[in-house]
Amino acid sequence: MAESKNSATIANDAAQIDPVAVMRIKNLQLRAKTVVEGFFNGLHRSPLHGSSVEFSEYRPYTIGDDLRGLDWKRYARSDRYYIKKFEDETSRNGYLVVDQSRSMGYGTLGYTKIEYARTLAATFAYFLTLQRDCVGLMTFDEAIGDYLPARRRVGHLRQLLVALSRPVAGTGTDINVPLQQIANLIHRRGLVLLISDFLSPIDALRTNLAYLRSRGHEVALLRTLDPSEIDFRIDSPSMVRDLETGQEFFLDPESARNEYRERFSEHQTQLRGVCDSIGVDFYQISTDEPLRDSLFHLIESKQRQSSGASRSGMLSRASAMLANASPGGSP
């Protein structure tokens, strides 16, 4: 009982989705629930406060929806328009592809990149599950780790979170192996979210991402980095160790800072260029950013892209909720 109260208190403290507060929650599912509920609570005029069951069965009306799907009884109770969600709307597949290599074990904020990435993946899994979508998982380092097909059955989310919680064990990173594997394993169009620090060569990345896109999948890359990797926050000369190779070397920040930033910027530009050229969404996420922001910006991006078009994608369907939650979002 004491543990339960403590977790509830921490979750309440994390209402603003401060990543430090979220990471203090030991249970990964409770972390995800805290982020998602905070996300909904932050939306203006959101019709979803405190009711995940209703969200699983209804969605807000958006311009262009078939009026025959309106629930008039619900309108009479709430003075808001809702469309009943049918099975064909909710039967979508989403796959989380998560990097668990040694480089993801780096962190300067009291938690590591992999802890943040796991929480981010768990948040998306929880969010998609609320939409009654099927969610799958693939973890990798230099080889494939766990693979769970996209399902929606009872206990599947818990199984997925257990796989996400496994400690990092691999050394190097090979992003192309999981992309090739996931493309061969999933035959139905869906959503693929690749979460990694992408601190590896990207030579073959374009080909593998383009293959996924050619098969009709929505694809998004979430580059997860510690703030010190973005800003090169090393102030004094010291010995540093490569987490993946184990090699140690002396680093003088004064002489290395400019070269590091130049090479980092070049790698970032190449990565963005690959994504832009084939229509893949790219997001750089610092582990000191609120996790709610990642969820919001990903859906908001799909809202912009799908404006005036058919909202058939998983994120596009979720973006309709954002439109309805903003001022003036009524039919």
Answer yes or no: are there more than 12 heavy-atom neighbours, outside R261 itself, under 6.0 Å from its atom CZ?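 Count over threshold, so yes.
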Check: R118 side chain, L28 main-chain N or O, donor-acceptor pair, under 3.5 Å: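 No: the side chain of R118 does not pair with the backbone of L28.
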So, for S228 and Y106, which heavy atoms are closest and what is the spacing to 0.1 Å?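 Minimum heavy-atom contact is OG-OH, 2.9 Å.
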The criterion is side-chain contact (heavy atoms from CB on, under 4.5 Å); which residues satisfy it with [X], sequence neighbours excluded?
X: T112; answer: I114, E115
X: L185; answer: M138, Y147, Q181
X: A121; answer: L96, V98, L164, I195
X: V20; answer: D18, Y111

Those residues that, when tested against D146, pass salt bridge (Lys or Arg N to Asp or Glu O under 4.0 Å) (two or more places apart):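 Counting only residues at least two positions away or on another chain, D146 forms a salt bridge (Lys or Arg N to Asp or Glu O under 4.0 Å) with R166.
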Who pairs with R263 by salt bridge (Lys or Arg N to Asp or Glu O under 4.0 Å), at least two apart in sequence or on another chain? E259
Name all residues meeting the side chain to side chain donor-acceptor pair (under 3.5 Å) criterion together with [X]; count only those two or more places apart in sequence or in a different chain, and write none if there are none.
X: Q268; value: R223, Q284
X: N176; value: N208
X: R215; value: Y211
X: T119; value: R31

Going by the salt bridge (Lys or Arg N to Asp or Glu O under 4.0 Å) test, name the single residue among D288, D197, D99, D226 that passes it with K113. D197
